[in-house]
Amino acid sequence: MKHFIQALVICILAGTCSAHAINITITTSIGNSTPYAQENLLLFTHNEAHPIDSGWIASPQETTHKVLIFHTQSGDYINISKLERGYHLFFAQIGDSCICRRFYKRNTSITKELDIITEDAVLVSPHQIRFTIQESSKEEAPHVDSLWIVGRKNSCANPDTVYMRTSAQSGDIIDIKPLLGNSENEFQCIAWINGSDYWSNSFYYCGECESYTNMDVSFTNINPHNLIVNIFNGEAPAPTVDSLWITSIYSLHRTLLTRTALTDGDTIDLAPMVGLTENSYLAWLRWGDCVQVYEFRFNGLDFDYCLEAGVWWVHIERDYNVPVLRYYLRDYDNQDIINIHVDSVWITTYDYQAPPEYVCSVQGQPTEAIDISVLKNGYYELYVQTGECVVSMPFHTYQNTNGINDIQEDKQPSATKILHEGQILIGRKGRIYTLTGQEIHNTRQ
């Protein structure tokens, strides 16, 4: 009773579970006939009709850190061989209720890993994959306690990113149509076996898209913050888009904007995205059972002065043999813009961990050589302004600054050319030489 009260207090302080009248039994002592050492398996049962949604084990000293995540149900065993000797907290999430129990493991941890040599997820039809897993030197596949399907960029540490859960075994065909419409098209399988996770290869799934292979989709930005959808389907009429949603490239689960029933030439108002700091986004288009993704650019401004000027970015070219830099302004087709006037050009420091600092202003129109010999070795950013449009690009410079300083500190040049009686001579350190290097004595300038 004392241990139960202590565990209840710990669970409440942890802020992850609340008390609930569910009977649960944890047994850590089992027979020696198992392939694991005694008390390296944990058996739990509960009287709730609903299955356990998720379960984990944490340390009483660090309740927010999940030491072990399990996916078995009531009456199943959990491999706790990786846990060290001592007290641990058991958590089980069932619907809106969270169960917390404290238990003690007597023996020290042991490593019991499976030597998995293959784990594949192969698309065998537009909406089905075949899952296989094989252990080294064994013909029989290991039993999979639970199988998850997650996005390629997601981690099993966050259960919210799990798209599907199933109990499929090796060789089974899995219907993955529930994945259709998610803001990802590359997925992975996670096989949970005895509390350990084994990741499969990634597979690509976008539904039945064979009818749309000849279709070309592009976007045209227009001010102040609109996007025109261009759909080309060869000689056939462009099909109507059932739905469209926009996400960030780096946060696929956050939907920024949605539209339905789009046709070729329709305009999307990007006003809800004004103020966002990224400049590249993904547009997800769905036709029936097909989902395709396309990238477009939007700088997050209420009015895009660079779009008005036809400037997309600034391209920098360097000749590292000489301290010279040239830049070119390019349009949205990545072509050099000819006969464009630049109002000002300046250079700042470039550091991810510090705000930029102004270094100097430079003179030069596109394609003209800009002397950067005054810059020390390091990273910088070149800013170019034409009208209200400002674009920039980082660059790196390295040169022998010590040699440059030595020349600047020497008031006299190390060698000078002398014209004497129609002959060019070289003066160096008080001596006179011909161009071939022969020293001339008793010669005066």
Exercise for review: Taking atom types as modelled, find out whether D120 and S200 have a side-chain donor-acceptor pair closer than 3.5 angstrom.
Suggested key: no

Exercise for review: Working to the nearest 0.5 Å, report the span between CZ of F131 and CD1 of I149.
Suggested key: 9.5 Å

Check your understanding: Y198 and L114: side-chain contact (heavy atoms from CB on, under 4.5 Å), yes or no, with the steps?
Key -> CA-CA 9 Å; Y198 300 91; L114 298 180; 3.4 Å; yes

**Study point:** Any V362 side-chain heavy atom under 4.5 Å of I347 side chain
**Key:** yes

**Study point:** Nearest non-hydrogen partners of V67 and S59, listed with the distance
**Key:** CG2-N, 4.0 Å

Review point. Hey, would you say the Y294 and F296 ring centroids sit under 6.0 Å apart?
Key: no

Check your understanding: If you measure only the distance, is there a donor-acceptor pair under 3.5 Å linking the side chains of D351 and T349?
Key -> no

Check your understanding: CD/Q134 to OG1/T118 distance, rounded to the nearest 0.5 angstrom?
Key -> 4.5 Å

Practice item. Kindly say whether D269 contributes a backbone atom to a donor-acceptor pair with the side chain of R259 at under 3.5 angstrom? Key: no

Review point. Below 4.5 Å, heavy atoms only, C-beta onward: do L382 and V345 meet side chain to side chain?
Key: yes

Exercise for review: Taking the six-membered ring for Trp and the full ring for Phe, Tyr or His, determine whether the centres of F298 and H225 are under 6.0 Å apart.
Suggested key: no

Review point. Are D304 and N223 close enough, and set up right, to give a side chain to side chain donor-acceptor pair (under 3.5 Å), and what steps lead you there?
Key: CA-CA 6 Å; D304 188 350; N223 274 324; over 6 Å; no

**Study point:** Charged tip of R102 within 45° of Y87 ring normal and under 6.0 Å
**Key:** yes

Point to revise | Atom pair CZ (R326) and CD (E368), whose distance is rounded to the nearest 0.5 Å | key: 9.0 Å

Check your understanding: Short question: side chain of S146, backbone of W192 - any donor-acceptor pair under 3.5 Å?
Key -> no

Exercise for review: Starting from the C-alpha separation in whole Å, work towards a yes-or-no answer on side chain to side chain donor-acceptor pair (under 3.5 Å) for E186 and S202.
Suggested key: CA-CA 6 Å; E186 191 174 6; S202 62; 2.9 Å; yes

Check your understanding: Do L244 and T260 have side chains that get closer than 4.5 Å, going by heavy atoms?
Key -> no

Point to revise | Validation row: L285, V217 side chains within 4.5 angstrom (heavy atoms) | key: yes

Point to revise | Q385 side chain vs G387 backbone, donor-acceptor pair below 3.5 Å | key: yes

Study note, to complete from the structure: CG of L307 to CG of D331, rounded to nearest 0.5 Å, is 11.5 Å

Practice item. Taking the side chain as every heavy atom from C-beta outward, state whether Q188 and F203 have any pair of such atoms under 4.5 Å apart. Key: no

Review point. Is it true that atom CZ of F303 has more than 12 heavy atoms of other residues, nucleotides or ligands lying nearer than 6.0 Å?
Key: yes

Review point. Do F103 and H88 pass the ring pair (Phe, Tyr, Trp, His ring centres under 6.0 Å) test, and can you show the C-alpha distance, the side-chain angles, and the key distance before you say yes or no?
Key: CA-CA 6 Å; F103 69 94; H88 302 272; 5.7 Å; yes

Check your understanding: For V144 and I193, which heavy atoms make the closest approach, and how far apart are they?
Key -> CA-CG1, 4.1 Å

Practice item. Evaluate the side-chain proximity of P239 to M215: yes if any heavy-atom separation is below 4.5 Å, no if none is. Key: yes

Review point. Can R165 be said to sit on top of W148's aromatic six-ring, NZ or CZ under 6.0 Å from centre and within 45° of the ring axis?
Key: yes

Review point. Would you find a donor on one side and an acceptor on the other, under 3.5 Å apart, between the side chain of Y332 and the backbone of Q335?
Key: no

Point to revise | Separation of SG atoms, C290 and C206, below 2.5 Å | key: no

Check your understanding: Given D319 and V324, is the side-chain contact (heavy atoms from CB on, under 4.5 Å) satisfied, shown in steps?
Key -> CA-CA 6 Å; D319 182 357; V324 169; 5.6 Å; no

Exercise for review: Could you tell me how the ring of H127 sits relative to the ring of Y205: parallel (under 30°), tilted (30 to 60°) or perpendicular (over 60°)?
Suggested key: perpendicular

Practice item. Starting from the C-alpha separation in whole Å, work towards a yes-or-no answer on side-chain contact (heavy atoms from CB on, under 4.5 Å) for I133 and I116. Key: CA-CA 7 Å; I133 186 168; I116 301 297; 3.9 Å; yes

Study note, to complete from the structure: In this structure, OG of S248 is separated from CG of L276 (nearest 0.5 Å) by 8.5 Å

Check your understanding: Of the options I80, L83, L68, which is the one that meets L42 in a side-chain contact (heavy atoms from CB on, under 4.5 Å)?
Key -> I80

Review point. Do any N or O atoms from the side chain of Y281 and from the backbone of E278 form a donor-acceptor pair under 3.5 angstrom?
Key: yes

Exercise for review: Could you tell me whether the side chain of E184 reaches within less than 4.5 Å of the side chain of V293, counting heavy atoms only?
Suggested key: no

Practice item. Working to the nearest 0.5 Å, report the span between OG1 of T213 and CG of N233. Key: 9.0 Å

Check your understanding: With a 4.5 Å heavy-atom cut-off, do I94 and I99 have their side chains touching?
Key -> yes

Exercise for review: Take the angle between the ring planes of W245 and W284 and call it parallel below 30°, perpendicular above 60°, tilted in between.
Suggested key: parallel

Exercise for review: Verify the ring-centre separation between W287 and Y212: is it less than 6.0 angstrom?
Suggested key: yes

Check your understanding: Yes or no on salt bridge (charged side-chain N to carboxylate O under 4.0 Å, His left out) for D242 and R286, after CA distance, side-chain angles and deciding distance?
Key -> CA-CA 6 Å; D242 295 330; R286 177 171 180 171; 5.7 Å; no

Review point. Do K138 and D115 meet the salt-bridge criterion of a basic N to acidic O distance under 4.0 Å?
Key: no

Exercise for review: Return yes if some donor-acceptor pair links the side-chain N/O of D175 with the main-chain N/O of K177 below 3.5 Å, else return no.
Suggested key: yes

Point to revise | Side-chain (S125) to main-chain (Q128) donor-acceptor, under 3.5 angstrom | key: yes

Study note, to complete from the structure: Heavy-atom closest pair (E381 atom, S392 atom, distance to 0.1 Å) is OE2-OG, 2.7 Å

**Study point:** Derivation and outcome, side-chain contact (heavy atoms from CB on, under 4.5 Å), residues V390 and V384
**Key:** CA-CA 6 Å; V390 178; V384 179; over 6 Å; no

**Study point:** V314 versus M393, closest heavy-atom pair with distance
**Key:** O-CE, 3.4 Å

Check your understanding: Do you know the tightest heavy-atom contact between C189 and I129?
Key -> SG-CD1, 3.9 Å

Revision key, fill the gap. Minimal heavy-atom distance between A92 and I52, with the atoms involved, is CB-CD1, 4.1 Å

Check your understanding: Is a side-chain donor-acceptor pair under 3.5 Å present for W313 with N334?
Key -> yes

